[in-house]
Amino acid sequence: MKLNRLVCAGVCGAVLLAGLSACAPEAPQADPDDIAYQAAGISRDTGLFTVDGPEVTADEYLFWLLQSVAAAKQSGYLTDDNAWEEEINGTPTAEYLREDALNTSILYTTVANHAAAEGITLSQEDEDAMDTELETLTQNLDTYYGMTYQEYLDQQCISDAAFRKLNSVAYLAQDLQAALEERGEFEAGEADLDAMIEEAGYTRAKHILLAFPTNEDGSAATDEQKAAVLEEANQLLAQIGDLYMPEGYTFYGDGYLADGTGALVSEFVNAAKALAVGEISDPVETSYGYHILMREDFTDEERQQLRDSMASIYPNYAMNQRNEEWIAEAVVETTPAYEALDPHAFYVNMAEMAQAWQAEKEDEQAAQATASPPAAPGPPPPETPTPATGN
């Protein structure tokens, strides 16, 4: 899992408001500065769970919950209120979002925990860099969205202190990785690099393609035509032996080197990865036809080139692997407040407040427009920031 350098990329009002109905439950009345209480009915300092001891409060967790909602919306989920009754990846929507935010919280907390165990704190350079990035965020919010930094934090349901704490973890992670590298924990042997090559999706394979016919009217092959090609492929496969190839067929050329970039169709790559070197596949259907694949080993030159390319990024890979281990080993204990939290009600309350803030902002802008001449047009705004996921 990778930590974002700056978690400023949260949902802005336009994302938060998209696709909502007006039937929101009434938000609790409380201190107007405690957005968590107004939206979720719990104060921002309420402990929701612990990760290997240290407590994670609503101030941090609800921020990640909004990021999970925004990510789901950008992936095509949560198009309306009814979607909350559906599932995401086989898990009920509310539970999926709750767990997604929990996993991100665990990642950030375990990194902070291990940095503390190593005696690592933010350097002055880290502090200065984070201040600069937050200043840039503040300027961009004002220039492109007419929003103050505090208004932004309110829409993310997080305080300035918690926001800075989360942003600091990326710097701690960077310093922690540097310390582990210096100690020699991320030195890569050939076996480590080979495992990284395999995981990255680098694969070599030859194939025989039995193509689907092209119809004169330009239409795609029919089911009957595809079935005939499959029958031919199965007959061919039955004849192929260790030292024998039926006349008129050959495994194509020097083979394909799949590099994980998507240059080859996924069905081909996935089938090749599933084979042992020298093994021949069953017929594999792609949009081109049916393929019979034979997995090849890399040449010595290819493997060394791949190892060389992987060596420079191995420390990042190893750090991500270490993060996964820490998450798997983490002892997480939730509180009744976490178990009682309703992600849907929380989100709808946040959206209702965002709608009210937006209406208030528009009223202010309308009043200003009548009191002063229109401003000259400025540069086009950047794309809406995308949410941090921690994965």
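Residue numbers run from 1 in the order of the sequence given.
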Is there side-chain contact between [X] and [Y], with at least one heavy-atom pair below 4.5 Å?
| X | Y | value |
| --- | --- | --- |
| Q38 | I35 | yes |
| Y149 | L137 | yes |
| K226 | L230 | no |
| E86 | Y77 | no |
| E267 | N270 | no |
| I313 | M196 | yes |
| Y347 | L65 | no |
| V69 | L97 | yes |

Hey, are [Y] and [X] close enough side-chain-wise for a donor-acceptor pair under 3.5 Å?
| X | Y | result |
| --- | --- | --- |
| D59 | T57 | no |
| T143 | N140 | no |
| E99 | N103 | no |
| N215 | Q225 | yes |
| Q177 | N316 | yes |

May I ask you to decide if the ring planes of [X] and [Y] are parallel, tilted or perpendicular, using 30° and 60° as cut-offs?
| X | Y | value |
| --- | --- | --- |
| H114 | W326 | parallel |
| F163 | F63 | perpendicular |
| Y314 | Y317 | tilted |

**Item:** Derivation and outcome, side-chain hydrogen bond (donor to acceptor under 3.5 Å, both in side chains), residues E362 and Q358
**Value:** CA-CA 6 Å; E362 291 173 356; Q358 182 66 21; 3.3 Å; yes

**Intermediate values then yes/no, side chain to side chain contact (heavy atoms under 4.5 Å, CB included), V269 and K273** = CA-CA 6 Å; V269 174; K273 288 176 63 175; 4.0 Å; yes

**Message:** Strictly below 4.0 Å, N to O, side chains only: are R204 and D297 in salt-bridge contact?
**Reply:**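 Result for this pair is no, no salt bridge flagged.
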
**Request:** Considering only NZ, NE, NH1 and NH2 on the basic side and carboxylate oxygens on the acidic side, decide whether R295 and E198 come within less than 4.0 Å.
**Result:**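 Here R295 pairs with E198 in a salt bridge, since their nearest N and O are under 4.0 Å apart.
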
Sub-3.5 Å donor-acceptor pair from the side chain of [X] to the main-chain atoms of [Y], do we have one?
| X | Y | value |
| --- | --- | --- |
| N113 | D52 | no |
| T91 | Y96 | no |
| Y61 | R98 | yes |
| N349 | A39 | yes |
| S68 | W64 | yes |
| D217 | S219 | yes |
| S168 | K165 | yes |
| D192 | G189 | yes |
| N323 | V111 | no |
| T109 | I106 | no |

**Prompt:** Around atom CD of E125, are there more than 12 heavy atoms of other residues, nucleotides or ligands at under 6.0 Å?
**Reply:** no

**Asked** Is it the case that more than 12 heavy atoms not belonging to E333 sit under 6.0 Å from its CD atom?
**Response**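 Incorrect, the count does not exceed 12.
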
**Request:** Report the C-alpha separation of E231 and Y290 in whole Å, then their side-chain angles, then the decisive distance to 0.1 Å, and conclude whether the side chain to side chain contact (heavy atoms under 4.5 Å, CB included) test is met.
**Result:** CA-CA 10 Å; E231 182 178 357; Y290 280 98; over 6 Å; no

Nearest heavy atoms of [X] and [Y], plus distance in Å:
| X | Y | value |
| --- | --- | --- |
| L107 | T110 | O-OG1, 2.9 Å |
| L341 | A40 | CD1-CB, 3.8 Å |
| V284 | S281 | CG2-OG, 4.0 Å |
| G47 | A337 | O-CB, 4.3 Å |
| E60 | L166 | OE1-CD2, 3.9 Å |
| E151 | G146 | OE1-O, 4.1 Å |

**Message:** Using side-chain hydrogen bond (donor to acceptor under 3.5 Å, both in side chains), reason through D300 and Q304 one step at a time and then give a plain yes or no.
**Reply:** CA-CA 6 Å; D300 290 343; Q304 191 56 51; over 6 Å; no

**Request:** Apply side-chain hydrogen bond (donor to acceptor under 3.5 Å, both in side chains) to D154 and Q150, showing your working.
**Result:** CA-CA 6 Å; D154 289 344; Q150 185 58 54; 3.0 Å; yes

**Asked** Do the numbers put R303 on top of the ring of Y202, so that NZ or CZ is under 6.0 Å from the six-membered ring centre and no more than 45° off the axis?
**Response**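 No, cation not above the ring by the 6.0 Å, 45° rule.
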
